[in-house]
Protein chains: 2
Amino acid sequence: MDEIFKRTENQRKDIHNSDIPVVCRACEARHGGMCGVMTPQQLTELSKFTTRKKVNPGSEVVGQGEQVAAYANVLKGVVKLSKMLHDGRQQIVGLQFAPDFLGRPFSRESTISAEAATETEICSIPKAVLDRMVGDSPELEHKLHQQALVELDEARDWMLTLGRKTAQEKVASFLYMIALHYDPESTERTVFDLPLSRADIADFLGLTIETVSRQMTKLRGDGVIQIENNRHVSVPDMERLAEVAGIE
Amino acid sequence: MDEIFKRTENQRKDIHNSDIPVVCRACEARHGGMCGVMTPQQLTELSKFTTRKKVNPGSEVVGQGEQVAAYANVLKGVVKLSKMLHDGRQQIVGLQFAPDFLGRPFSRESTISAEAATETEICSIPKAVLDRMVGDSPELEHKLHQQALVELDEARDWMLTLGRKTAQEKVASFLYMIALHYDPESTERTVFDLPLSRADIADFLGLTIETVSRQMTKLRGDGVIQIENNRHVSVPDMERLAEVAGIE
DNA sequence: CGACGAGTTGAGGAGTGTCAAAGTGAGTGG
DNA sequence: CCACTCACTTTGACACTCCTCAACTCGTCG
């Protein structure tokens, strides 16, 4: 079905954990992330150049200038990708969770800024190093290609939400997406903390803070969700939420 | 800078036109499209399985069932990618022009439908054939990866438009995008035909037909554009249009 | 304790959507 | 050649959603 994947799996049969660089052993990015398709040699090579960093909420991740340009893997926390109009109107165009890859391969700077939404940890990779490795490793390019396609699907799903849903449906859709992200299987009660402030949610949904707040209140009043502490949300019935979100 | 590209360029130095399959010689897809990175051998192999087709406006391109699943290159015309809510609300999430690639590599069917917006011609490629070639050819995967990233950028640009711009700015942004597509250099007067009906434009912008119509009328009244025949548009000053579109 | 940021709630208004009717152009058949 | 139809577009009147501005609540931290 997916030949490149099979090839990679076979390679990995012979891998002993001791071959893998210490910094990578317990790393999120090897489970589902980009580093999962790399050989021990590649990991060893790459790990010479990577830096693990904490990023505080609100700070730029991989700010411009820093090593001229770098990529990163998100290891913990949530990073928001956003775009701005010159008059200050802002739109969040994507959320990256661990172990997502961060950065735009093959340059052509898009005007996107990446900012930590929560307490975040990243593994920063100099641009030149990764670009070279991708050129030499079809498996790695394949993996990044896959992730780009997933992000494209997500972006397009969100376009439907932005363009055609009501405020109520938008907020419900957001909650539903976050809930699924923390518990993909959930059918019964689902509980989670929102990684975004009301302002961020508004920027994600193309609404104002006030409208988001009102819709949350309404969802609470209708019994679709329960809220505690502003950030802590509990969903008694995911199907009900999906229905309100316009996701049959 | 981009090693894979360089490698491909070198390969192509030795290519004689006679090596290239007849059907491919004058084909759009070799100029900027996916086929531009393929060797004569690859093209010959691929061309055994491809079918060139006309598609009428409104018909599904690569409808499901047709060869189980197929990819396609757009050779002429415009294809709209759209998503629908179960109650019929629709959102166009992308436009594909020649020589764009059409289809979702590596399965995972997304719920997108592709429909011809204008008189369209495509080169249809059976899924299995291309999947195999991509597995064997890093250059080809690189090219598709690149295109996916471009589409991702476009999708995110559009999210900003959908979420944060006014109806006026949305319509202006749409006209600006189309104008640039037909004449990327244009600084002076730019003239073009809209590939989409008002209904399609509305579905692209997350508006209603009536609002689109009113905003077009207003842009005409303000002298930003001239309209003839509903479809034929003339822009005397692209910078003025960009300004109205909220693109500084 | 007071100041501050984040969130909620309220009143009023602007911008779009909805519904309805009229205008326009292309194609058809008499 | 002209009426007729049909799809598409424009225009108008009105309603409603969501935004704006403002006040208030709550929890946190110095």
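Not measured: the values here are computed from a predicted model. Just so we're on the same page: letters track the sequence lines, and every chain starts at 1.
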Atom-pair distance ([atom1] on [X]; [atom2] on [N]), nearest Å:
X	N	atom1	atom2	result
A:Ile209	D:dC19	CD1	P	11 Å
B:Met216	C:dG23	CE	P	21 Å
A:Gln215	D:dC19	CD	C1'	13 Å
B:Leu207	D:dC18	CG	C1'	15 Å
B:Leu205	C:dG17	CG	P	10 Å
A:Arg164	D:dC18	CZ	P	14 Å
B:Arg231	D:dA7	CZ	P	16 Å
B:Arg220	D:dT11	CZ	C1'	11 Å

Of the nucleotides [options], which has the atom closest to the [X] side chain?
X	options	value
A:Arg198	C:dT9, C:dG7, D:dT9	C:dG7
B:Thr166	C:dT8, D:dC19, C:dT16	C:dT16
A:Ser197	C:dT9, D:dT10, C:dG7	C:dG7
B:Ser213	C:dT8, C:dT9, D:dT9	D:dT9

Q. Within the structure shown, what part of the strands sits under 4.0 Å from A:Gly206 by heavy-atom distance: base, sugar-phosphate, or nothing?
A.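 Contact class for A:Gly206: sugar-phosphate only.
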
Q) Do we see a donor-acceptor contact under 3.5 Å between the side chains of B:Ser173 and B:Lys165? A) yes

Q: Report yes or no: do A:Gln168 and A:Arg214 form a side-chain donor-acceptor pair below 3.5 Å?
A: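 Side chains of A:Gln168 and A:Arg214: no pair found under 3.5 Å.
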
Q. Do A:Val78 and A:Gln96 come within less than 4.5 Å of each other through their side chains, counting heavy atoms only?
A. no

Q | Presence of A:Thr208 side-chain N/O under 4.0 Å of D:dC19 phosphate oxygens OP1/OP2 | A |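 Yes, because at least one side-chain N or O of A:Thr208 sits under 4.0 Å from OP1 or OP2 of D:dC19.
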
(Q) Does C:dG17 have its OP1 or OP2 closer than 4.0 Å to a side-chain nitrogen or oxygen of B:Thr211? (A)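 Answer yes for this pair, as a side-chain N or O of B:Thr211 is under 4.0 Å from OP1 or OP2.
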
Q: Mark yes or no for whether A:Arg89, through its side chain, and B:Arg164, through its backbone, hold a donor-acceptor pair below 3.5 Å.
A: yes

**Q.** Base D:dC21 paired with A:Glu210 side chain (donor-acceptor, <3.5 Å)
**A.** yes

Q) Is B:Arg214 side chain donor-acceptor paired with the C:dT18 base, going by distance under 3.5 Å alone? A)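 In this structure, the two groups form a donor-acceptor pair.
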
**Q.** Nearest-nucleotide comparison on DNA chain C, the residue closer to the 5′ end among B:Gln168 and A:Asn230
**A.** A:Asn230

Q) What do you reckon, is CD of B:Glu119 surrounded by more than 12 foreign heavy atoms closer than 6.0 Å? A) yes

